[in-house]
> 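The structure that follows is given in the form of structure tokens.
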Amino acid sequence: MRELTVPTADDMRALGRRLAAQLRPGDLVVLTGDLGAGKTTLVQGLADALGVTEPVLSPTFVIARVYRSGRLPLVHVDAYRLGSAVEVEDLDLDASVEESVTLVEWGEGLVDDLATDRLVLRILRSDDAADETRRVGVAAVGPRWSDITV
Ligand SMILES: Nc1ncnc2c1ncn2[C@@H]1O[C@H](COP(=O)(O)OP(=O)(O)O)[C@@H](O)[C@H]1O
Ligand SMILES: [Mg+2]
């Protein structure tokens, strides 16, 4: 596993942009981290680089949103309120996992059946509350992600 240092929210959006350039249909990215870690911030940069024109808002209360204005459909899920294993197909979204890029916040352990291959990004805040720097652990599961560069 690699670990990145991400000093600012802009840097987190830039990380999302770098990732976006490498995404293709069927990809699954899992983002873990506490409330306020920066998961949605990363998705905002990623969506922007995919060409999504709508503002990307946290899907905490709606569980999932689909953005179709970009290069690929973007499915953005917040699994925080889901207590058990989630199948994105069960959310009855107007998009399939196969055609889309799926980003799941807080999904570790909940989305293991979604796709064999996934990229897991673990966002950690500093112990020092005044320090905005995040550390991001990058774990690639499966051959799809073996040569990803973020
Ligand atoms: N280095 C950083 N990386 C990401 N977000 C940061 C950073 N520094 C400050 N922030 C701020 O922290 C907040 C993260 O919120 P959000 O992305 O909604 O978190 P989450 O989705 O993990 O709950 C935003 O207000 C963002 O501007
Ligand atoms: Mg969020």
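Whatever order the structure lists them in is the order used to number ligands and atoms, beginning at 1.
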> Between the Mg ion (ligand 2) and Thr40, is there an N, O or S atom separated by less than 2.8 Å?
yes
> For Glu99, is there an ion pair with Arg68 - N to carboxylate O distance below 4.0 angstrom?
yes
> What short N/O contacts, under 3.5 Å, does ligand 1 make with the protein, listed by atom pair and distance?
from	atom 1	to	atom 2	distance (Å)
ligand 1	1 (N)	Val6	O	3.1
ligand 1	1 (N)	Pro7	O	3.4
ligand 1	1 (N)	Thr8	N	3.4
ligand 1	1 (N)	Thr8	O	3.3
ligand 1	1 (N)	Glu132	O	3.0
ligand 1	12 (O)	Arg134	NH2	3.2
ligand 1	17 (O)	Thr40	N	3.4
ligand 1	17 (O)	Thr41	N	2.8
ligand 1	17 (O)	Thr41	OG1	2.6
ligand 1	19 (O)	Gly38	N	3.1
ligand 1	21 (O)	Thr40	N	2.9
ligand 1	21 (O)	Thr40	OG1	2.9
ligand 1	21 (O)	Glu105	OE1	3.2
ligand 1	22 (O)	Ala37	N	3.2
ligand 1	22 (O)	Gly38	N	2.9
ligand 1	22 (O)	Lys39	N	2.9
ligand 1	22 (O)	Lys39	NZ	2.7
ligand 1	23 (O)	Gly36	N	2.8

> Quick one about Thr8 and Glu132 (side-chain donor to acceptor, distance below 3.5 Å, no hydrogens or angles considered), yes or no?
no
> Please find the N/O/S atom of Glu105 nearest to the Mg ion (ligand 2) and write down its name.
OE1
> Short question: side chain of Arg71, backbone of Val52 - any donor-acceptor pair under 3.5 Å?
no
> Hey, is the main chain of Ala37 close enough, under 3.5 Å, to the side chain of Arg134 for a donor-acceptor pair?
yes
> May I ask you to decide whether Asp48 forms a salt bridge with Arg17, counting only side-chain N to carboxylate O separations under 4.0 Å?
yes
> Would you say Val136 and Ile148 are hydrophobically clustered, going by side-chain heavy atoms of ILVMFWY under 4.5 Å?
yes
> Picking from Leu23, Thr41, Val56, what satisfies side-chain contact (heavy atoms from CB on, under 4.5 Å) with Leu46?
Leu23
